[in-house]
Amino acid sequence: MAKISKDMTISAILSVDKAVIPVLMNSGMHCLGCPSAQGETLEEACMHHGINADELETQINDVLAGI
């Protein structure tokens with residue numbers, strides 16, 4: 001099973017599994033294709049969007065685990 005961490009870049013997370021796109025979009029991250037977003041870590045993107053990075057990391061890993 002693939003697992004992501006909040007220190008991974010958005011582009012690295014998207015390359016793990018595209019199934020995480022709805023999780024990111026539903027959290028308010030609508031600019032996943034933006035050049036700046038591609039180089040940001042999940043934690044940095046969460047700071048910019050006012051999202052709890054630990055909670056989003058858990059949500060993404062739950063999706064990847066099939067939960």
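Note that the structure is predicted; figures quoted are calculated from it, not measured.
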Run the side-chain hydrogen bond (donor to acceptor under 3.5 Å, both in side chains) test against [X] and tell me which residues pass, sequence neighbours left out.
X: Ser5; answer: Asp7
X: Asn52; answer: none
X: His48; answer: Glu40

Checklist entry - How close do Cys46 and Ala53 get, heavy atom to heavy atom, and via which atoms? => result SG-CA, 3.7 Å
Checklist entry - With sequence neighbours left out, which residue pairs that include part of residues 24-38 fulfil the salt bridge (charged side-chain N to carboxylate O under 4.0 Å, His left out) condition? => result none
Checklist outcome for this item: residues 55-67 vs salt bridge (charged side-chain N to carboxylate O under 4.0 Å, His left out), sequence neighbours excluded, gives none
Next on the checklist: Here's a test for you: under side chain to side chain contact (heavy atoms under 4.5 Å, CB included), which of Leu24, Asn61, Ile4 qualifies with Leu56?
Outcome noted: Leu24
Item to check | Within-4.5 Å side-chain heavy-atom neighbours: Lys3 and Leu64 | outcome: no
I'd like a table of donor-acceptor pairs (distance under 3.5 Å, sequence neighbours excluded) in which one partner is a side-chain atom from residues 9-23, with atom names and distances.
{"from": "Thr9", "atom 1": "OG1", "to": "Ser11", "atom 2": "OG", "distance (Å)": "3.2"}
{"from": "Thr9", "atom 1": "OG1", "to": "Ala12", "atom 2": "N", "distance (Å)": "3.1"}
{"from": "Ser11", "atom 1": "OG", "to": "Gln38", "atom 2": "O", "distance (Å)": "3.1"}
{"from": "Ser15", "atom 1": "OG", "to": "Ala12", "atom 2": "O", "distance (Å)": "2.7"}
{"from": "Asp17", "atom 1": "OD1", "to": "Ala19", "atom 2": "N", "distance (Å)": "2.8"}
{"from": "Lys18", "atom 1": "NZ", "to": "Leu14", "atom 2": "O", "distance (Å)": "3.3"}

Item to check | Between NZ on residue Lys6 and OG1 on residue Thr41, distance to nearest 0.5 Å | outcome: 9.5 Å
Checklist entry - Is there a donor-acceptor contact under 3.5 Å from the side chain of His49 to the main chain of Met29? => result no
